[in-house]
Structure formats: structure tokens, C-alpha cells
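Protein chains get the first letters and strands the later ones, always in sequence-line order, with residue 1 at the start of each. All of these numbers come straight from a predicted model, not from anything done at the bench.
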2 protein chains.
Amino acid sequence: MAHVRSRRAEASAPAAAVQQNVPDGPLFDPVDRDPAYTRVAAAIEAKILARELRAGDPLPPETELAQQFRVHRSTVREALRRLESAGLIKRPPGAKRMVVSRPAASQVASGMRHALVLHDVTFVAVWEAMMVIEPEVAALAAVRRTQADLSALVATHEAFKASPKGDPHAVEIVARFFELLGAAARNQVLVLAKQSLTRALAPSLARMIDTVPQARSRISDAQKKIIASLREKNVEEARRWMSKHVRDFKRGYEVAGISPETPISA
Amino acid sequence: MAHVRSRRAEASAPAAAVQQNVPDGPLFDPVDRDPAYTRVAAAIEAKILARELRAGDPLPPETELAQQFRVHRSTVREALRRLESAGLIKRPPGAKRMVVSRPAASQVASGMRHALVLHDVTFVAVWEAMMVIEPEVAALAAVRRTQADLSALVATHEAFKASPKGDPHAVEIVARFFELLGAAARNQVLVLAKQSLTRALAPSLARMIDTVPQARSRISDAQKKIIASLREKNVEEARRWMSKHVRDFKRGYEVAGISPETPISA
DNA sequence: AGTTGTCCTATTGTCCGACAATCCGACCAA
DNA sequence: TTGGTCGGATTGTCGGACAATAGGACAACT
């Protein structure tokens, strides 16, 4: 395995190219100089996106990859961390080799949550997005829901009603209700987007529910009405009640004295 | 720096713990055994999300991190690749040290695109999501747009009209139009979601525009109408025209003879 | 004064080589 | 069938090394 000690040559060749007067813009483009681990990662990523490597396929062992790419194993490993974090590969619990995988919804959601948090996105911004998406999801769900969807929603609704007063779990149940609704809407894209929003909102929502006494009953009521609308496949009602439901969140914040400009917390 | 050769001890201690009969659920939780690079990454990530490390702050040099965490530099580097791919840290072009950063919108979008592609999400699914989001974004934009937003939109619209027939660039201009609209709506969350959708749709959209002769003029027309609605701050019209605009995309696909079930391509 | 060349140091990118822990399958004993 | 034991394959981690580059300081040149 030959040492790679030729970066200078690689970099200076283009810079020494013919020079001419060019009216506008920079004369040269910045020369490509991404590290090997980036290229290795990109190469593997490309094969995955092109389906040459399918989800579930085991990746060749690190040593072999190193030989093929003509880089050191450490370099390969850095590339693998890249892909791992992107959710393109993962290690099944208790397995040795890495396998190709499809990014889990939760992974995408958490990526978006990070972005929202670090960009100081406020509660209203997320809420506004929910106001846009959720009612339409409910409408879709009213059309497409199966019996199984209904049962799952009912079960979750019951779980919420049964959850004790100060239960920190309650928010998770609310979140699950939203997720099930997304599933019933049969649209993976919206599910992904929704999930990100719910997850981002969850922590502050928890505070709100604990603070506002009426919150629990209002939520429970809305859930009941939404389920009923879905059962009757009443699109308009589903949309309307979900709208109300989400709007209530903001009201809850106001009642709790939390500013709408509160940034999403980590 | 001491070698760490004690994984067995660490792992078997809990497994050797007291055993008792427990009625339900597994007797033991799976023992934590994530590799060091994961923990290092998690530790740094936590500090970033907690704002102890702010965007722009330079990360300590790898050697120093290695000393602090008591791990080898290679291990630190693997952790850094993780964070890098998550967009939490990056290297400013031509800099040496890594700096803390906030995940760029484009990064989140490309993550979601990967997910959509690998989950075989179809064109209709993305289109449906656009039908949900875009009209509302247009409505918001009609309320919040500034003069500058209008100018930018107009400029892009002109660019689209001016783009030559077979220009593969045209789609990018269409995408930009959508992005500007998102910016005008002043909601970062929706911008993020939108961007993912547009990006995911772009490649197949390109094929459609090239195939369907009327596509260009219809798009141009819709853009004009949308801009006009924003100018007048006419919320209803904005929503209506955007709805039409997006609906047209699907029509274009039908005319082009592309199945709505076509999966999003890479 | 502005440009260019030289030298140093801090830090990254990459490599080499090594070894313990673990997984896996095969093979054997009870 | 169930429960050891054994060897090979592969990962996680480490120590250690060196070239390449960024950034700064400072002298030399025009």
C-alpha cells in the first residue's frame, strides 16, 4: 500500500496553467482538494444512491475497502463514520459488519431538529408550520385511513386519557397520536416533515401541558373529535378539528405565559 | 495515554449482577456498549446543542481533544467526521481548525432527499406534500413579502422567461423561485421543508419540462400571476395560483407520460 | 509602501503496524 | 438438542510517524 505523498503536485498543476485576461469573475476556480475520507465517503454514497448497494447488503470489510481505495484503513473508517451519521449505513445491533441502510425517519427528524434549534427557530415558526401541514394530513387521513389505523388511534387516545396528571410521558403520547395520523395519511414525505415538527415542539409542549390545567381535557377532546371525523371519513371535519387542535397549542402557550418567540430548546 | 483494554470487564459487570424473578419484560436491559467515537461525538454534540460551543467557535485541536477525552487521536477524528456530516462542525474553506457551525439548510434538505430516494418515495407523494405546503407558503408570503422580495422574484421570473428552450438550467430557476417565495414567507421551518421537496423533485421535473412543450409557458404564466398576487397582498389569489401552479406539475407528468408512481431518482 | 521569499510552529491528513475484544461458524461432548 | 471450545475474520482502539498546509513574523526586493 503506497504512501500518498503527492498532494502538492496535484494542487499546483492547475494553478500553473496558462494565464489570460478574463473580463469578469475569478480567473480560476478553486482547485478541488477534498481529503481522501471525503472522496471515499462520496464514492460509497454514490453506489448506495444508485442502488448498486441495496439496503441490507453488507459492506465489504474495512481492510478490503482500504485495499480497493488504496488508502489506509483509518481513512476508510473516517469515511464510514460520515456515512453512518448520514444514516446510509449502520451496524445492526450485535453485528460486526456494517450494512447498507435507509435513513430512518427519526434520524432525518433529529437532523432537522438540530437545525431548528441551532438556528434559533421560535415556537411560532414551528407552530405555523404545523398549522399548515397537520390539518391537511388529517384531511388525507380521513380519506385513506384503514380500520387498523382507527384502532391504533383509539388506543393512543385511551392511553392519553389514562395517563396520570403530571406524567412526563403524556407528551410522547400526544406525539404518537400525531405520528399515527401521519401513517394513516399514507404519505411518507409528510410523515417525515411532521415528525420533525412534533419532535421539535415536544419539550416545550411538555412544559405547557404541565402548566395549563385545561390543556389535558382540551387535547383529549380534540383527539376524540378527530377520531370521530376519520371514522366517518368526514374530510372537512377532520381538517377543522385538527386546525382547532393545533391552534389550541398556541393558546396554551399564551395562557402559560410563554412567549411565542421562545426558541425551540434542545 | 493508557491503552484501553478493559471492554470485557466493563461489559460483564452488569450481566453478572444479582438475578431475580421479574414478572414481565426482559430481565435486563441491553448493556450499553457504544464505541468511544460515538461517545466523543455525543459529548461534543451536547456542548454544541447546549450553546456552550457557539457557531463560529473554533474547536480545540485534535490532539488536545484526544488528551481531554483520553482517547487516541484517530478516535477523535472518527467522532469529528460524525459531527461534520451532521453539519454541526465544518472547516471553513482554507482553514485548518474546525469550527462549530449550524447545519445549512441545503444540508438538511439533502439528508431528506436521500431518505426519500432510498425509501422509494414516488413522485405523487412529493407532489402531494407540495400541494399541502406551497399554497400556504404563498399565502403567508402575500402577507409578509417586502419590496425586496418582490424584486428578487421578478428577477427570477425574468431569468426563467429568458432561459433558452432546452436549457437544463431552467429547473434550477424554477427551484429558486420557490425558494425565494419561501424566504418571503418568513418562516424558516417551512423554508427547510420546501427546499427538501423542491430538490427532490428537480431531476424528474427537468425531464418533464423538456418533454412537455406547453410546460414553460404555463410555468411562466403561473409565476406572473403569483407575483401579481403578492404585489397586491392578495392572500386568496396567491394561494389559488400557487395551487394551480403545483397542480400543473402533475398534469405535466401525465402529459409527458410519466407514471405518478415513478420513484424519485437520485 | 507593497510585494515576495524564508523560516518557524501548530495542526491536519494520512499512513504503518499492532493487539484485544468480539462475532461466527465448525466441531465436539453430554 | 444443548452447551462448551477453538480458530479465523473483523472491528475498536492505540502508539507512533511524517508530509503538507495555514498563519504569522521578519527580512529582502522593487
Q: Return no unless some side-chain N or O of R81(B) is found under 4.0 Å from OP1 or OP2 of dG13(C).
A: yes

Q: Whole Å only: how far is the CD atom of E84(A) from the P atom of dG12(D)?
A: 8 Å

Q: Does R102(A) pair with D120(B) as a salt bridge, N-O distance under 4.0 Å?
A: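 A salt bridge is present here (some side-chain N lies under 4.0 Å from a carboxylate O).
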
Q: Any ion pair linking R82(A) and E84(B) (charged N to carboxylate O, less than 4.0 Å)?
A: yes

Q: Taking R113(A) for its side chain and A200(A) for its backbone only, find out whether a donor-acceptor pair lies under 3.5 Å.
A: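 Judged by distance alone, no pair lies under 3.5 Å.
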
Q: When the distance from CZ of R91(A) to C1' of dT22(C) is rounded to whole Å, what number comes out?
A: 11 Å

Q: Output yes when a side-chain donor or acceptor of T156(B) lies under 3.5 Å from a complementary backbone atom of V174(B), and no otherwise.
A: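 It does not hold such a pair.
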
Q: Tabulate protein N/O versus nucleotide N/O from nucleotides 7-11 of chain C, keeping only pairs under 3.5 Å, one per line.
A:
residue: dT11(C); atom: OP1; partner: R97(B); partner atom: NH1; Å: 3.4
residue: dT11(C); atom: O2; partner: K96(B); partner atom: NZ; Å: 2.9

Q: Measure from CG on L59(A) to P on dT10(D) and round the result to the nearest Å.
A: 12 Å

Q: Within less than 4.0 Å of OP1 or OP2 of dT13(D), is there a side-chain N or O belonging to Y37(B)?
A: no

Q: More than 12 non-hydrogen atoms from neighbouring residues, nucleotides or ligands closer than 6.0 Å to CZ on R51(A), yes or no?
A: yes

Q: Exactly one of E62(A), E64(A), E78(A) should register a salt bridge (charged side-chain N to carboxylate O under 4.0 Å, His left out) with R73(A). Which one does?
A: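 Considering E62(A), E64(A), E78(A), a salt bridge (charged side-chain N to carboxylate O under 4.0 Å, His left out) with R73(A) is found only for E62(A).
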
Q: What's the CZ-P distance between R39(A) and dG13(C), to the nearest Å?
A: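 Taking atom P of dG13(C) as the reference, CZ of R39(A) is at 13 Å.
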
Q: Could you tell me the separation between the CG atom of L65(A) and the P atom of dT10(D), rounded to a whole number of Å?
A: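 From L65(A) CG to dT10(D) P: 11 Å.
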
Q: Would you say T75(A) places a side-chain N or O within less than 4.0 Å of OP1 or OP2 belonging to dC15(C)?
A: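 Indeed, a polar side-chain atom of T75(A) lies that close.
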
Q: If you assign each of A95(A) and R77(B) to its closest nucleotide in DNA chain C, which residue comes earlier from the 5' end?
A: R77(B)

Q: Taking only the side-chain nitrogens and oxygens of R73(B), find out if one of them lies under 4.0 Å from OP1 or OP2 of dC14(D).
A: no

Q: Given atom CG of L80(B) and atom P of dT14(C), what is their separation to the nearest angstrom?
A: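 Computing the L80(B):CG to dT14(C):P distance gives 14 Å.
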
Q: Whole angstroms only, please: what is the CZ-P distance between F69(A) and dC15(C)?
A: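 In whole Å, dC15(C) P lies 12 Å from F69(A) CZ.
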
Q: When you get a sec, tell me which of dC15(C), dC23(C), dT14(C) is the closest nucleotide to the side chain of V71(A)?
A: dC15(C)

Q: H72(B) NE2 to dA18(C) P: how many Å, rounded?
A: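 Going from H72(B) (NE2) to dA18(C) (P), I get 15 Å.
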
Q: Ignoring hydrogens and geometry, is there a side-chain-to-backbone donor-acceptor pair from H72(B) to S74(B) under 3.5 Å?
A: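 Checking the backbone N and O of S74(B) against the side chain of H72(B), a donor-acceptor pair under 3.5 Å is found.
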
